Novice: 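Here's a structure for you.
Bear in mind the structure is a predicted one, so any value in this text is a computation, not a measurement.
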Amino acid sequence: MRTNFRKLSWGFLFVLLDIRLGFIDILPDFVGYLLILSALRQLDRHYPGYNKAWPAAVVLCLASLVPVGPQFNLLLQPLPPSPLWVGLTGLHQLLLLALVVAIFGTLTRHARSQGKIELANASRNRMRLFVLLQLALLFTLPYSLNTTDTVGFIIPLTILMLLAMILLVFLCRKAAKTFAGEYTGREH
């Protein structure tokens, strides 16, 4: 299980980081979602429930192949977001929310069932933080169509969201250490 939680952390890290050389993404989200899917398949063999995140991860993986984002004009200045872009971004955020809730809700139950209360509490609290921030971002998203004044609170909210994602990456690492070498469940 240690390998699978590490794979999960690497998957979230690939999704979180957007490092580009020109227009080429060095750490593509697609690879991150493949790592997450692989980890989920294996983790479900040790504890039931991880596969509940599978549908959201598959859709996010496929969606990551299609570049959908703000378009740029000839001077490489971003054009204002369109209703389609806002809708697709909202759908992406909802799917990411479903993915995180399914994975870390299961991790919370898994850890609690094994008596790993500290890990269970950390998983529950970090998941709640992510949910709160993601819902706040979803709430503010439609306003980005009507005004540019949203920058004052969207940027700090986005920074907090990135920190919440980093906390989830470290939580996966903590789970890898906590469950290192243990067999904790059923066999297929």
Novice: From R126 CZ over to K174 NZ, what is the distance, rounded to the nearest 0.5 angstrom?
Specialist: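 Taking CZ in R126 and NZ in K174, the distance rounds to 6.0 Å.
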
Novice: May I ask whether L132 and L16 are part of the same hydrophobic cluster, defined by side-chain heavy atoms of I, L, V, M, F, W, Y residues being less than 4.5 angstrom apart, directly or through others?
Specialist: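 Shared cluster, no.
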
Novice: Quick check on the hydrophobic clustering: are L13 and I26 connected, directly or via other members, by side-chain heavy-atom contacts under 4.5 Å?
Specialist: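 Both belong to a single hydrophobic cluster.
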
Novice: Quick one: CE on M165 to CG on L96, what's the gap to the nearest 0.5 Å?
Specialist: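 Result: 5.5 Å between the selected atoms.
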
Novice: So which atom in S9 and which in C172 form the shortest heavy-atom distance, rounded to 0.1 Å?
Specialist: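 Looks like CB-CB, 3.4 Å.
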
Novice: Testing the 3.5 Å rule here: is there a donor-acceptor pair between the side chains of R128 and N125?
Specialist: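 Note: R128 and N125 side chains miss the donor-acceptor criterion.
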
Novice: Could you walk me through whether Q42 and M1 satisfy the side-chain contact (heavy atoms from CB on, under 4.5 Å) test, starting with their C-alpha distance in whole Å, then the side-chain angles of each, then the deciding distance to 0.1 Å, before giving a yes or no?
Specialist: CA-CA 8 Å; Q42 297 303 315; M1 275 198 319; over 6 Å; no

Novice: Give me the atom names and distance for the closest heavy-atom approach of Y47 to S113.
Specialist: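 So the two residues come closest at CE1-OG, 3.5 Å.
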
Novice: Mind checking whether H46 and F179 have ring centres under 6.0 Å apart?
Specialist: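 No, too far apart.
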
Novice: With heavy-atom distances below 4.5 Å as the criterion, would you say the side chains of Y50 and L107 are in contact?
Specialist: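 Contact flag for Y50/L107 side chains = yes.
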
Novice: Under a 4.5 Å cut-off applied to non-hydrogen side-chain atoms, are L62 and F30 in contact?
Specialist: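 Side chain of L62 against side chain of F30, heavy atoms only: no contact under 4.5 Å found.
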
Novice: Indicate yes or no: at least one non-hydrogen side-chain atom of F12 is less than 4.5 angstrom from one of I166.
Specialist: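 No - every pair of side-chain heavy atoms lies 4.5 Å or more apart.
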
Novice: Within this structure, what is the NZ-OG1 distance for the pair K7 and T3, rounded to the nearest 0.5 Å?
Specialist: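 Those atoms lie 7.5 Å apart.
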
Novice: Would you say the side-chain atoms of T178 and K116 include a donor-acceptor pair closer than 3.5 Å?
Specialist: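 No.
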
Novice: Enter the distance from R6:CZ to W10:CH2 here, rounded to the nearest 0.5 Å.
Specialist: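 Reported to 0.5 Å precision, the distance equals 10.0 Å.
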
Novice: If I compare all heavy atoms of G90 with all of L138, which pair ends up nearest, and what's the gap?
Specialist: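 Nearest heavy atoms, G90 then L138: O-CD2, 3.5 Å.
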
Novice: Taking the side chain as every heavy atom from C-beta outward, state whether N121 and R112 have any atom pair closer than 4.5 Å.
Specialist: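 Contact flag for N121/R112 side chains = yes.
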
Novice: Okay, side chain of Q134, backbone of L94: is any donor-acceptor separation there less than 3.5 Å?
Specialist: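 No; zero donor-acceptor contacts below 3.5 Å.
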
Novice: Tell me, do N51 and L40 make a side-chain contact under 4.5 Å, heavy atoms counted?
Specialist: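 SC-SC contact between N51 and L40 ruled out.
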
Novice: Would you call R2 and R173 a side-chain contact if the rule is heavy atoms closer than 4.5 Å?
Specialist: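 With C-beta onward as the side chain, the pair stays apart.
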
Novice: So, taking the atom named OG1 in T158 and the one named CG in L133, what distance separates them when rounded to the nearest 0.5 Å?
Specialist: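 Answer for the OG1-CG pair, T158 versus L133, is 10.0 Å.
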
Novice: Between L8 and F170, is there a shared hydrophobic cluster once you connect ILVMFWY residues whose side-chain heavy atoms come closer than 4.5 Å?
Specialist: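 Per the 4.5 Å side-chain linkage, L8 and F170 are co-clustered.
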
Novice: Per the side-chain contact (heavy atoms from CB on, under 4.5 Å) rule, which among T108, I103, T106 passes with S123?
Specialist: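 Filter result, single survivor: T108.
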
Novice: Is there side-chain contact between F104 and L171, with heavy atoms separated by less than 4.5 Å?
Specialist: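 Touching, per the 4.5 Å side-chain cut-off.
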
Novice: What's the spacing between L160 CG and I155 CD1 if we round to 0.5 Å?
Specialist: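 Here the interatomic distance stands at 12.5 Å.
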
Novice: Please test F130 against L168 for side-chain contact (heavy atoms from CB on, under 4.5 Å), starting from the C-alpha separation and ending with a verdict.
Specialist: CA-CA 9 Å; F130 181 88; L168 293 178; 3.8 Å; yes

Novice: Of all the heavy-atom pairs spanning A53 and L99, show the shortest one and how long it is.
Specialist: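 Nearest heavy atoms, A53 then L99: O-CD1, 3.6 Å.
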
Novice: Over all heavy atoms of both residues, which pair between S64 and C61 is shortest? Give the atoms and the distance, please.
Specialist: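 For S64 versus C61, the nearest heavy atoms are OG-O, 2.6 Å.
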
